[in-house]
Amino acid sequence: MAKFHSYYVLCPLIDQNSFLGVNVDRENENVLVTLGRNVVNKYRLSDQKQIGGWTSKDHITSAVIYDTEQESYIGVFNKNTIKAWKDEGENLDKLKKYKFTANILKVIPRHNQTSLIIFENGNCASLPYGIENRKTYESKLFIKESETIIEVGSYNSDKQEYICFILKSKSTKRERYEILTCAVRDELGDLEKANVIREKVSRTDNVFVVGQLVKNDLVFFLWNDSKLSVYNLITKSWKKMVTVPWISTSSCVSLAWMGENHLILFGSNTDEDGAILVAFNVILGVGSCKYPMKMYTKDAKLYCFNKRIILQGSNHIAMVPYVVETDRNLSSLLGSHDIIPDNVTEIADWGTPTVPLFPVGNVIKDLWTKGLTERNLCAQIIPLLIEKNDLKGILEVLNEFKDIPESVIVSLLSYAIKIINPNSIDVTDEDAVQNLCFSEENKEKIELLKYLLQISFSDAIIIPHLRNSFTLSGALFLISFIVHVINDLEIHIVYESKLYDWCILLMDTFYQQYLITKDNKVTYVLDKLQKLTVSLIDNLNTINKAMPVVDKLIHGNQVPEEKALSSYTIELINI
């Protein structure tokens with residue numbers, strides 16, 4: 001199950017048409033953004049700060065990469081020239097040029113190997129071999145003149161490396177696609193042309209491709225009827241097609257690989273009035289998360305680096321952090337894919353019992369036998385229990401569910417705060433808040449509140465419900481309660497992480513009210529949260545300073561004494 005976090009702007013975009021792409025830097029935390037024909041910048045993903053960059057008079061024609069084998073940055077200039085450099089302070093215009101006789105499409109990095117130069121004519125070569133033989137390298141077409149390489153990837157099978165191209169050729173009626181694979185020779189990095197395999201990409205229906213991706217040994221094609229085809233390069237076989245939900249396939253869709261069996265897709269939403277990000281589980285064949293966005297960008301470049309999605313927008317490069325939760329309850333995936341009528345399938349009666357095979361409460365037994373998902377069950381049962389003010393019933397029902405809708409979470413939070421009645425005290429009175437939150441009288445009510453703060457949720461979905469159904473006073477009490485709980489030394493680390501998520505969520509949801517309201521209670525609560533944050537950061541800095549000393553003590557190294565620093569020194573010279 002995937003989960004998206006808040007949307008950030010990584011950097012402004014100079015020119016959407018000249019944007020060339022993003023690649024990983026030497027450190028995984030940093031990325032290289034080739035913004036245009038003359039600008040390459042280095043950004044740190046954790047704080048979106050620019051930490052380096054280069055400019056060039058020669059036109060850059062492919063996204064700059066970092067080659068781990070050569071320990072150098074590699075750039076393609078004017079389609080036929082390669083330059084390599086190591087330092088951030090180097091002048092790209094003064095670097096040595098390696099000019100080729102054939103046009104270069106791109107240079108692709110490889111894990112623990114030198115990068116591959118991919119030529120527009122379909123040939124390829126390892127970086128050292130290609131540079132050494134650049135003047136005599138074969139320029140004969142490896143692909144047909146009518147074909148264009150639109151995707152490139154490499155994969156390994158039986159200790160042999162292969163290159164994979166997705167080729168597109170336009171006939172009189174429609175665009176045609178082919179998958180071309182060929183073995184790559186060691187060290188030289190060129191192609192064993194006797195070992196070429198072509199696979200046509202076609203369907204009998206009157207449909208066309210709107211998105212494609214090569215990732216490891218899999219090739220993905222998205223069609224305009226929302227069907228996703230997957231071709232396995234190892235077994236040379238197609239998997240059964242599945243339907244991708246929530247996203248419009250009437251226009252181009254960008255694809256990238258999230259990891260953990262998840263694709264990320266960016267395209268227009270189904271109403272054609274905005275854009276949407278969709279996480280899709282290719283193993284289960286269902287959508288697991290979606291993130292609505294305002295602007296759709298055709299043929300937007302899409303990447304996933306270090307648990308972050310990098311997306312090309314209309315006038316900026318965007319970043320969306322994400323988490324893939326492998327242990328999330330699978331019931332949350334039910335109903336996330338489109339139901340397609342199938343009149344051919346015959347439904348057999350296997351004598352399946354209508355009584356659940358595991359014990360459930362009487363409240364949900366009747367609805368459970370109808371096959372409803374947990375989210376639907378919660379949405380029907382819990383509002384009724386809230387109306388009846390049945391706290392014990394709510395606690396019993398919640399213990400039987402793992403997947404609870406965001407709207408129900410907000411309703412339960414409002415109910416829990418209402419029965420705790422924080423309006424009876426002054427939120428700036430620390431003792432009163434402490435007594436209210438941890439008194440024996442409110443034990444069951446506080447247990448409900450603590451349980452609700454541990455439930456997983458989607459930021460994009462829950463924020464509208466909070467803005468519509470939650471009050472500012474409720475948010476202030478919730479922040480005060482979270483601060484008190486975090487200060488408890490016995491708190492579990494997973495629960496603590498959820499509380500930090502809630503603090504961020506409450507700040508994002510009510511930031512306008514915080515700015516506009518001049519109430520002293522708002523200032524006091526936010527100041528308390530800031531002091532807690534500063535205290536936690538100070539603790540982390542203390543640990544960070546202590547770790548080298550502890551490491552030296554563990555390994556038996558002598559810890560050097562700190563020398564007193566002064567503004568000047570006196571040095572005695574014996575004559």
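Keep in mind it's a predicted model, so treat the numbers as computed, not measured.
Between the side chain of Asn123 and the backbone N or O of Phe119, no donor-acceptor pair lies under 3.5 Å. The main-chain N or O of Leu127 is never found under 3.5 Å from a side-chain atom of Ser115 such that the two would form a donor-acceptor pair.
Heavy atoms of other residues, nucleotides or ligands lying less than 6.0 angstrom from NZ of Lys79 number 12 at most. Within 6.0 Å of NZ on Lys236 lie more than 12 heavy atoms contributed by other residues, nucleotides or ligands. Heavy atoms of other residues, nucleotides or ligands lying less than 6.0 angstrom from CG of Asp273 number more than 12. The number of heavy-atom neighbours closer than 6.0 Å to OH of Tyr451, taken from other residues, nucleotides and ligands shown, is above 12.
Side chains of Lys498 and Ser456: a donor-acceptor N/O pair is present below 3.5 angstrom, by distance only. A donor-acceptor contact under 3.5 angstrom links the side chains of Lys42 and Tyr73, judged on distance only. Between the side chains of Glu272 and Ser250, at least one donor N or O sits under 3.5 Å from an acceptor N or O. There is no side-chain donor-acceptor pair under 3.5 Å between Glu147 and Ser169. Between the side chains of Thr249 and Ser226, at least one donor N or O lies within less than 3.5 Å of an accepting N or O. Remark: the Asp271 side chain and the Asn269 side chain contain no N/O donor-acceptor pair separated by less than 3.5 Å. Using modelled atom types and a 3.5 Å distance limit, the side chains of Glu29 and Asn306 yield a donor-acceptor pair. Using modelled atom types, one finds no donor on one side chain facing an acceptor on the other under 3.5 Å when comparing Asn281 with Ser288.
With ring centers used as reference points, Phe4 lies 6.0 Å or more from Tyr322. In this structure, the ring of Trp246 has its center no less than 6.0 angstrom from the ring center of Tyr291.
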Next item on the list: Please test Asn232 against Ser237 for side chain to side chain donor-acceptor pair (under 3.5 Å), starting from the C-alpha separation and ending with a verdict.
Entry: CA-CA 5 Å; Asn232 191 309; Ser237 61; 5.6 Å; no

